[in-house]
2 protein chains.
Amino acid sequence: MTELATTGTDLPRLRELNSLSIVRALRDHPPSTVTELSQRTGLSRPAVDVIAQGLVSDGWATVLEPGASSAVGRPARRYQFRAGAGYVLGVDVGAHKILALLADLDGNIVQTVRQSVAAEAEPAERLAVLDEVVTACVAGAGKTASDIWAVTAAVTGAVDASGRTSFFTPLPGWKSVNLPAHLGAHFSCPIVVENDCKLAALAERWKGAATDADDIVYLLGGMRTGAGLIIDGVLRRGFGGAAGEIGALKHVRWLNAPEHLQNCPGVPETVSPDDAAAWVFNAAREGDRAARGAVNRYVKDLAVGAAALVLTLDPQVVVFGGGFSRSADLVLDPLRNELQRLCLRMPDVRASTLGADSVALGALKLSLNEVDVRLFSAGLSAPVAPRRQ
Amino acid sequence: MTELATTGTDLPRLRELNSLSIVRALRDHPPSTVTELSQRTGLSRPAVDVIAQGLVSDGWATVLEPGASSAVGRPARRYQFRAGAGYVLGVDVGAHKILALLADLDGNIVQTVRQSVAAEAEPAERLAVLDEVVTACVAGAGKTASDIWAVTAAVTGAVDASGRTSFFTPLPGWKSVNLPAHLGAHFSCPIVVENDCKLAALAERWKGAATDADDIVYLLGGMRTGAGLIIDGVLRRGFGGAAGEIGALKHVRWLNAPEHLQNCPGVPETVSPDDAAAWVFNAAREGDRAARGAVNRYVKDLAVGAAALVLTLDPQVVVFGGGFSRSADLVLDPLRNELQRLCLRMPDVRASTLGADSVALGALKLSLNEVDVRLFSAGLSAPVAPRRQ
DNA sequence: CGCAATACGCTTTGATCTTTACAAAACCGC
DNA sequence: GCGGTTTTGTAAAGATCAAAGCGTATTGCG
């Protein structure tokens, strides 16, 4: 049974509930008149009026005095959610780069800071770059740490409940890093660390290829292969944070799938190992037989794991993302064919519409979700950054 | 974002919310005094008093006048949820038998009717037996169809949104059966049809081996192999109702796994094919080498699919159920060893504690859930059977 | 300039919960 | 048996909140 509000509701709580419903009605909408809000919430106009004024005086909303009106009648005051009341951070701690995004409570991105880092960099160096990027991002927007309401960091590898990657991570020495503690020294707000594939999945549902779906399997296709799962509209982590790690099963040949591309015969010596896959995709697009074969072998291995995910979860959509999604034109059709052969019910197979920023975008979205959860469970007293615990 | 109450709350709705929280506080508890309810809900004693009296006059609760009291002070009136206000049905439409359970709103089973049916029976015959069993179950408890608030039927095979098993089912001719329509002729309440593995999983979480877990992979081990998934405490069906059908993947050798047992050398001619597996388990328990080998090969095949599910979902618990769960003593340890070898994070592996009735029990639970959803979303006006749509 | 339409803001009314107070019913010690 | 204690039941008063109604302000149009 779902643990719904088993607690009783008194009058102040009623006011709070109605204030929250006004906030909800205010968000994701253009500035609204009291009458519009009244219709949207079902509350009476006077009730909306006093609540809206309370929201303004508490700092949750701003009021736009009427300017030139288009309709007849007295022009209405318009209320607007004050998205600038707080800000959230999303950071992608990648192997080659660190990317931080700062957004207001509406999710509008106001600052982007990116810095590259060596793949083989030690944790101390990577953390130093992370600090630089984060402080530059916050300061660059003219904000301070106290303006930040939630921080989410994306890392590779399964993230456990304590925010560490104890099982596995390709970043050198990263297993011993306590990222929540490190970031906690800079921020007093809630800090979340999550797996990069999962966050990319979240991003695709937010503003990517699967905004219409509640059941999504996201495939990260790149030099690493991974997956993120959204079930019934919620990102699923599993009991220990290791959901989606189907690649660990040897029968599913995800670990070595990219090698078909990297070791494809015919790649010139001048092409670096990191760029080999891109070269092979290009060659395949131009009809090179060896390259086409390599792509097909890659897709065939990818499809076994994808089929296992699809058969387990029966999703509406499979999104193909990651570095190889730039070559989705070559991957999607053979992937569809393989899935058709292997699965019971065929899902929609789509290419990611977000670029390499999808992970940081997903981190941003998780921060926004964190704020939402706090807001709509703890209630709104005054708009200040929530503190941990 | 979760679609929470975007709608405003007026005073009557407030009373309804508080009535619901009293109902919640009343259920899953022994008869309670007003003071206890007041503490449990946070509402004041007078408020609880008037609400409780309202619930009694509406038929949702009954009042127990004070008898002999043990404590000091004036003995309190006790209120009790009226579980007999409505009843729900859970029916297992199996290959060999049809089993119907009738329970009150607290889940207390008040009637059980079972009847065997030939595995090769045509749909018409199976439906006739189903009707007999269901009417006998309802009439046997002295109830009528209008007392039934929800009906859930369990069938084998993936169930789509319309309640049919269009993909696949081992029951002969069953694909063309429209079970919701058939049952809808007898009942006006909501009717749900669901896959048997999924319902068995629900039962294990309700009163079985995994009452403590929210993330469960249930394995049905028998002449057929199947799975049911509970994620974050909710039974997951997938977008098309085909979640958990990992057995369809050829790399996962679930389809033929039981054959290791059935075709084990050394089974006497006198043992019927249906009983071969039981014979092999017994022989293995007594040290027969061939039998032990067959069991090990069975577990090895079972474990590949189980590992795919575990790696995908990272559950807290794996429950081994189905006909073979009587021999769980032979299966669990080798299954653990294989999973340990194949998985990242090892889940708890447990044997089902429910017998062959688990599917019907799960169907009952889904009916109760259906009632709960209606109750706590539509609200409580008067206790009468909900109508479809 | 007057009229109509719309929005604003105030007042009244009704519903609900909480607090406070007091009577009723059991038990305990003397 | 009787008063004291404790807990329950109930009634009255106070507070909070939303709904309904109505007068006022502002704008556009003829």
Side-chain angles (χ1 to χ4, degrees), chain A residues 5-23 25 31-58 61 63-80 379-381, chain B residues 5-23 25 31-58 61 63-80 379-381:
Chain A
T6 177
T7 175
T9 310
D10 56 1
L11 278 313
R13 175 68 184 154
L14 174 64
R15 163 60 67 98
E16 191 168 320
L17 285 174
N18 283 339
S19 297
L20 283 171
S21 72
I22 297 286
V23 169
S32 310
T33 68
V34 173
T35 310
E36 285 165 3
L37 290 172
S38 164
Q39 289 166 353
R40 229 177 276 155
T41 58
L43 263 48
S44 72
R45 213 165 35 108
V48 173
D49 194 71
V50 297
I51 290 172
Q53 285 177 17
L55 289 176
V56 169
S57 70
D58 282 353
V63 61
L64 296 174
E65 287 304 332
S69 75
S70 57
V72 296
R74 174 173 172 175
R77 215 176 0 227
R78 290 181 176 274
Y79 290 93
Q80 187 175 24
L380 28 75
S381 45
Chain B
T6 177
T7 173
T9 310
D10 55 1
L11 278 314
R13 176 66 185 157
L14 175 65
R15 166 57 69 93
E16 192 168 325
L17 285 175
N18 283 337
S19 297
L20 284 170
S21 71
I22 297 287
V23 168
S32 310
T33 68
V34 171
T35 310
E36 285 166 3
L37 290 172
S38 165
Q39 288 165 354
R40 228 176 275 155
T41 57
L43 264 49
S44 71
R45 214 157 43 101
V48 173
D49 196 72
V50 298
I51 290 173
Q53 286 177 17
L55 289 176
V56 169
S57 71
D58 281 354
V63 58
L64 295 174
E65 287 305 332
S69 75
S70 57
V72 298
R74 175 173 173 171
R77 223 178 353 228
R78 290 181 175 275
Y79 291 91
Q80 186 176 23
L380 28 76
S381 46

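We name chains A, B, ... by the order of the sequence lines, and we start the count at 1 in each one. Worth knowing before you read on, the calculation uses all heavy atoms, side chains too, and leaves out hydrogens, waters and symmetry mates.
Spacing between atom CG of B:Asp49 and atom P of D:dA12 amounts to 14 Å, rounded to whole angstrom units. Counting to the nearest Å, the P atom of D:dA18 and the CD1 atom of A:Ile22 are 9 Å from each other. Rounded to an integer number of Å, the gap from B:Leu17 CG to C:dA15 C1' is 15 Å. Rounded to a whole Å, the CG atom of A:Asp10 is 15 Å from the C1' atom of C:dA15. Summarising the geometry, the separation between CD on A:Glu16 and P on D:dT16 is reported as 16 Å, rounded to the nearest angstrom. What separates CZ of B:Arg77 from P of D:dG9 is a distance of 5 Å, to the nearest Å. We find that CG of B:Leu37 is positioned 14 Å from P of C:dT18, with the value rounded to whole Å. Atom CD1 in B:Ile51 sits roughly 13 Å away from atom C1' in C:dA15 (whole-Å rounding).
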Report task. Start with the C-alpha distance between B:Leu64 and B:Arg77, add both sets of side-chain angles, then the distance that settles side chain to side chain contact (heavy atoms under 4.5 Å, CB included), and finish with yes or no. Result -> CA-CA 6 Å; B:Leu64 295 174; B:Arg77 223 178 353 228; over 6 Å; no

Query raised in the report: Stepwise, does the side chain to side chain contact (heavy atoms under 4.5 Å, CB included) test hold for B:Ile51 with B:Leu43?
Result: CA-CA 10 Å; B:Ile51 290 173; B:Leu43 264 49; 4.0 Å; yes

**Report entry** Trace of the side chain to side chain contact (heavy atoms under 4.5 Å, CB included) decision for B:Glu36 with B:Tyr79
**Finding:** CA-CA 10 Å; B:Glu36 285 166 3; B:Tyr79 291 91; over 6 Å; no

Requested in this report: Might you work through the side chain to side chain contact (heavy atoms under 4.5 Å, CB included) test for A:Thr35 and A:Val48, ending with a clear yes or no?
Outcome: CA-CA 8 Å; A:Thr35 310; A:Val48 173; over 6 Å; no

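Here B:Arg15 reaches the OP1 or OP2 of C:dC17: one of its side-chain N or O atoms lies under 4.0 Å away. The side chain of B:Gln53 places no N or O atom within less than 4.0 Å of a non-bridging phosphate oxygen (OP1 or OP2) of D:dG9. Contact between the side-chain N/O atoms of B:Asn18 and the OP1/OP2 oxygens of C:dC17 is found at a separation under 4.0 Å.
Here the side chain of A:Leu11 is nearest to one of D:dA19, C:dT18, D:dT16, namely D:dT16.
Between B:Ser19 and B:Arg15 there is a side-chain heavy-atom pair separated by less than 4.5 Å.
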At a cut-off of 3.5 Å, list every protein nitrogen or oxygen paired with a nitrogen or oxygen from nucleotides 10-13 of chain C, distance to 0.1 Å.
none

I'd like a list of close polar pairs between nucleotides 3-7 of chain D and the protein, N/O only, cut-off under 3.5 Å.
{"unit_1": "D:dT7", "atom_1": "O2", "unit_2": "B:Arg74", "atom_2": "N", "d": "3.2"}

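Residue-to-nucleotide proximity on DNA chain C shows that, of A:Thr33 and A:Thr9, the 5′-proximal contact is made by A:Thr33.
Taken from OG in B:Ser21 to CZ in B:Arg40, the straight-line distance is 11.5 Å, to the nearest 0.5 Å. Atoms CZ and CG, from A:Arg13 and A:Leu20 in turn, are 6.5 Å apart once rounded to the nearest 0.5 Å.
B:Arg45 comes within 4.0 angstrom of a base, heavy atoms only.
Counting only distance, with no hydrogens or angles, the side chain of B:Thr41 and the backbone of B:Leu37 share a donor-acceptor pair below 3.5 Å. Here the side chain of A:Arg45 pairs no donor or acceptor atom with the backbone of A:Ser38 at under 3.5 angstrom.
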